[in-house]
Student: 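Sharing a structure below in structure tokens format, with a few things to ask.
Convention: sequence-line order gives letters A, B, ...; per-chain numbering from 1.
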Protein chains: 2
Amino acid sequence: MNGNSPDFPARLRAAGLRPTRQRVALARLLFESGHRHVTAEGLHVEVKATRMPVSLATVYNALNQFRDAGLLREVVVAPGRSYFDTNIGHHHHFFIEPDGELHDFPSDKVTIAGLPTPPKGTRLSRVDVIVRVRR
Amino acid sequence: MNGNSPDFPARLRAAGLRPTRQRVALARLLFESGHRHVTAEGLHVEVKATRMPVSLATVYNALNQFRDAGLLREVVVAPGRSYFDTNIGHHHHFFIEPDGELHDFPSDKVTIAGLPTPPKGTRLSRVDVIVRVRR
DNA sequence: GCAGTATTTAGAATTGTTCTAAACTTCTTG
DNA sequence: CAAGAAGTTTAGAACAATTCTAAATACTGC
């Protein structure tokens, strides 16, 4: 469906991570169905409901490792809370202010012109566009 | 220089805030010289070096009130740390990843085309563009 | 299977921020 | 300009999100 093999142990190994039971359980929750935005707390609640519960520390570890391995992208939209996005393709975000909901939109149609060149001695890493909306 | 009156008590009153000694001291640090990006901790260190030190709680209170009053803008770039920007005009940000430095750039020249329309029932609040760069 | 290394865990520690209740300013109004 | 009312400040406790610690456990290659 999403072009990713459902063989999570293999996917983890390919990313340089040992396919432990906990990491496989988390990967399943994250990547099995379409794209998702999760917080550590939220994912921990989900995985606790599973036959294979995982400690909160491990959820944090796994999210950070998945991000470092390029399997996830971290999105910072609100102070004091990190979202992890399973969509690692080019795209931007809607952030619905009052309730903290986050939605992707593709960057295909979006063009940004006139950006200044990066300060001397730095090179571009990524351009984040966050469209904040209110009800 | 920046078009703002240096009469901080009056400016605070105009924003609906009592010009207490502490708020005036903070306003002076924030608005007296050009635009700045500060964190609560950083501003607290600065004001402690003053003849009129202010508690950390008051720094947090003041930053939140100044933001609510439209004197400051909060910028969310990194998890677990809030920056406040004294530049409230239209502009975007460079974020230098390793060291957490933040720089403004004007939005005059920047054009963003092809943004999708906000989800039904919401209206646009603001578009943040963060250009992340690495050394 | 066995060693050897990586990972998990519960709980403590850390960090950034907000809350609390008492003391102190500022404002209003006479 | 005194007095009361209302808003602020403060130190310290409380809180929330995240990271660390050290001991127990699971994966891996041989």
Side-chain angles (χ1 to χ4, degrees), chain A residues 7-29 37-48 50-69 71-72 74-84 100 102, chain B residues 7-29 37-48 50-69 71-72 74-84 100 102:
Chain A
D7 181 352
F8 296 111
R11 295 235 290 144
L12 290 171
R13 232 183 301 263
L17 296 165
R18 277 197 192 175
T20 64
R21 297 206 242 104
Q22 293 81 336
R23 295 211 267 235
V24 172
L26 293 172
R28 217 189 297 284
L29 288 172
H37 297 109
V38 304
T39 61
E41 275 294 347
L43 187 59
H44 185 227
V45 167
E46 271 185 68
V47 80
K48 268 194 299 193
T50 281
R51 212 53 99 281
M52 150 105 258
V54 171
S55 80
L56 182 56
T58 297
V59 173
Y60 273 103
N61 288 161
L63 286 174
N64 288 152
Q65 292 152 351
F66 289 8
R67 177 206 51 215
D68 292 347
L71 301 174
L72 289 177
E74 189 167 10
V75 187
V76 185
V77 280
R81 180 165 239 98
S82 263
Y83 288 80
F84 290 87
L102 197 58
Chain B
D7 181 352
F8 296 111
R11 294 234 289 144
L12 291 171
R13 233 184 301 264
L17 297 165
R18 278 196 192 177
T20 63
R21 296 203 244 105
Q22 292 82 336
R23 296 213 266 235
V24 172
L26 293 171
R28 216 188 298 282
L29 287 173
H37 298 109
V38 303
T39 61
E41 276 293 348
L43 188 58
H44 185 226
V45 168
E46 271 186 67
V47 80
K48 268 195 299 192
T50 281
R51 212 52 101 281
M52 150 107 260
V54 171
S55 80
L56 183 56
T58 297
V59 172
Y60 273 104
N61 289 160
L63 286 173
N64 289 153
Q65 292 153 350
F66 288 7
R67 177 204 51 216
D68 293 347
L71 301 175
L72 289 178
E74 190 167 9
V75 187
V76 185
V77 279
R81 181 164 239 103
S82 263
Y83 288 78
F84 290 88
L102 197 58

Student: Just to verify, what does A:R67 make a salt bridge (charged side-chain N to carboxylate O under 4.0 Å, His left out) with, not counting sequence neighbours?
Tutor: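 So A:R67 forms a salt bridge (charged side-chain N to carboxylate O under 4.0 Å, His left out) with A:E74.
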Student: Can you name the side-chain hydrogen bond (donor to acceptor under 3.5 Å, both in side chains) partners of A:T39, sequence neighbours left out?
Tutor: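 Per chain and number, A:T39 pairs via side-chain hydrogen bond (donor to acceptor under 3.5 Å, both in side chains) with no residue.
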Student: Of all residues at least two apart in sequence or in a different chain, which pass the side-chain hydrogen bond (donor to acceptor under 3.5 Å, both in side chains) check with B:T50?
Tutor: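 B:T50 satisfies side-chain hydrogen bond (donor to acceptor under 3.5 Å, both in side chains) with no other residue.
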Student: Strictly below 4.0 Å, heavy-atom distances to any atom of DNA chain C: list the hits from residues 20-28 of chain A, or just say none.
Tutor: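 DNA chain C contact set from residues 20-28 of chain A: A:T20, A:Q22, A:R23.
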Student: Tell me, which pairs form a side chain to side chain donor-acceptor pair (under 3.5 Å) where one or both residues lie in residues 14-26 of chain B, sequence neighbours left out?
Tutor: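 Applying side chain to side chain donor-acceptor pair (under 3.5 Å) to every pair that reaches into residues 14-26 of chain B, excluding sequence neighbours, yields B:R23-B:Q65.
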Student: Give every pair of a protein N or O atom and an N or O atom of nucleotides 14-20 of chain D that lie under 3.5 Å apart, one pair per line with the distance.
Tutor:
from, atom 1, to, atom 2, distance (Å)
D:dA17, OP1, A:R81, NH1, 2.9
D:dA17, OP1, A:R81, NH2, 3.4
D:dT18, OP1, A:S82, N, 3.3
D:dT18, OP2, A:Y60, OH, 2.6
D:dT18, O5', A:Y60, OH, 3.3
D:dT19, OP2, A:N64, OD1, 3.2

Student: Who passes side-chain contact (heavy atoms from CB on, under 4.5 Å) against B:R28, sequence neighbours left out?
Tutor: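 For B:R28 the side-chain contact (heavy atoms from CB on, under 4.5 Å) partners, ignoring immediate neighbours, are B:F8, B:V24, B:E32.
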Student: A:H37: what forms a ring pair (Phe, Tyr, Trp, His ring centres under 6.0 Å) with it, not counting sequence neighbours?
Tutor: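 Ring pair (Phe, Tyr, Trp, His ring centres under 6.0 Å) list for A:H37, sorted by chain: A:H93.
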Student: Quick one: label A:P9 by what it contacts on the DNA or RNA (base, sugar-phosphate, nothing), any heavy atom closer than 4.0 Å.
Tutor: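 Nothing, no nucleic acid heavy atom in range.
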Student: Quick check on the helix from C:dG1-D:dC30 to C:dG30-D:dC1: what's the angle between its two end axes, five base pairs per end, to the nearest 10°?
Tutor: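 End axes: 40° apart.
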Student: Mind listing the N/O atom pairs, protein and nucleotides 28-30 of chain D, below 3.5 Å?
Tutor:
from, atom 1, to, atom 2, distance (Å)
D:dT28, OP1, A:R13, NH1, 2.9

Student: Just the endpoints, please: which first and last nucleotides of DNA chain C, 5' to 3', lie under 4.0 Å from a heavy atom of chain A?
Tutor: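 Nucleotide range in contact with chain A: C:dT5 to C:dA10.
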Student: Within a strict 4.5 Å, meaning less than it, do heavy atoms of the A:L56 and A:E41 side chains meet?
Tutor: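 In short, these two side chains touch, coming nearer than 4.5 Å.
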Student: Run the side-chain contact (heavy atoms from CB on, under 4.5 Å) test against B:A78 and tell me which residues pass, sequence neighbours left out.
Tutor: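 Expected list: B:F95.
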